[in-house]
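Please read the structure below before turning to the comments.
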Amino acid sequence: MVTKARIAVFVSGGGTNLEHLLLAQEAGQLPHGEIVLVCASNESAYALTRAANHGVPGVAVPKKQLTQEAFEAALTEKLAEYRVDVIVLAGFLSILSENFVKQWPERIVNIHPSLIPSFCGKGMYGLKVHEAALSKGVKVTGATVHLVNEIPDGGRILLQKAVEVLPGDTPEVLQKRVMEQAEWVLLPQAAELLANQIVQEKEQA
């Protein structure tokens, strides 16, 4: 039997990045990984519907009703229940504590909609990133997949892809282009990269 790394995807909203991870899996682009759980930080996240549509278990761990400690304890419980090896943050808007991150060294990946180290760090997410890129006047932006450590957007970079900024771009138009040309391409690649690494480690153990 082929060993696969068990992947949990953390989401907060619509789940377009999740959708492309699930489609990549169905297309055979995650040969060393399997998405076994989707965790949403709010119960109305459409990402949970996307997970159900693809036959993947989805659970809500509502952040707003919990302390950081209780929130992370609930996540940890779910990760243990599903025997998760890798966590993919795909539009997950909650910052994870240093204590949580340290329990998953080089096992959490995040996608950020810029070429780190530009337009990143605490408070930089979603449209804010693209607004900052446009106000700075950059000609090229993109997306970065990086490992997660205790510093927001501070972990080691795994993959990057550049995307051209075009005259007349609005933050919304630029966001869509970065998603289509970079985020949806990079995230499945990064998940497979990490899954492959974990499978090799398991086989050597």
Discussion item. Closer than 3.5 angstrom, by distance alone: can the side chain of Gln160 be matched with the main-chain N or O of Ile116 as a donor-acceptor pair?
Written reply: yes
Discussion item. Determine whether a donor-acceptor pair (N or O, by modelled atom type, separation under 3.5 Å) exists between the side chain of Thr3 and the backbone of Val199.
Written reply: no
Practice prompt. May I have the step-by-step check of side-chain contact (heavy atoms from CB on, under 4.5 Å) for Val56 and Val9, ending in yes or no?
Written response: CA-CA 10 Å; Val56 174; Val9 184; over 6 Å; no
Any salt bridge between [X] and [Y], counting N to O under 4.0 Å?
{"X": "Lys128", "Y": "Glu131", "answer": "no"}
{"X": "Glu183", "Y": "Lys161", "answer": "no"}
{"X": "Lys202", "Y": "Asp85", "answer": "yes"}
{"X": "Lys64", "Y": "Glu43", "answer": "yes"}

So, do [X] and [Y] sit near enough that their side-chain heavy atoms are less than 4.5 Å apart?
{"X": "Glu26", "Y": "His54", "result": "yes"}
{"X": "Val38", "Y": "Phe10", "result": "no"}
{"X": "Leu134", "Y": "Val165", "result": "yes"}
{"X": "Val86", "Y": "Arg6", "result": "no"}
{"X": "Leu187", "Y": "Val88", "result": "yes"}

Discussion item. Using the side chain to side chain donor-acceptor pair (under 3.5 Å) definition, which of the options Gln103, Glu69, Lys102, Glu72 pairs with Ser97?
Written reply: Glu72
Practice prompt. Scan Gln200, Gln197, Glu192, Lys4 and name whichever one has a side chain to side chain donor-acceptor pair (under 3.5 Å) with His32.
Written response: Glu192
To the nearest 0.5 angstrom, please state how far the [atom1] atom of [X] sits from the [atom2] atom of [Y].
{"X": "Asp169", "Y": "Arg177", "atom1": "CG", "atom2": "CZ", "result": "4.0 Å"}
{"X": "Ile151", "Y": "Glu98", "atom1": "CD1", "atom2": "CD", "result": "8.5 Å"}
{"X": "Leu75", "Y": "Leu96", "atom1": "CG", "atom2": "CG", "result": "7.0 Å"}

Worksheet item: Between Ser12 and Ser41, is any side-chain donor less than 3.5 angstrom from a side-chain acceptor?
Response: yes
Worksheet item: Relative to the ring of Phe71, is the ring of Phe92 parallel (under 30°), tilted (30 to 60°) or perpendicular (over 60°)?
Response: parallel
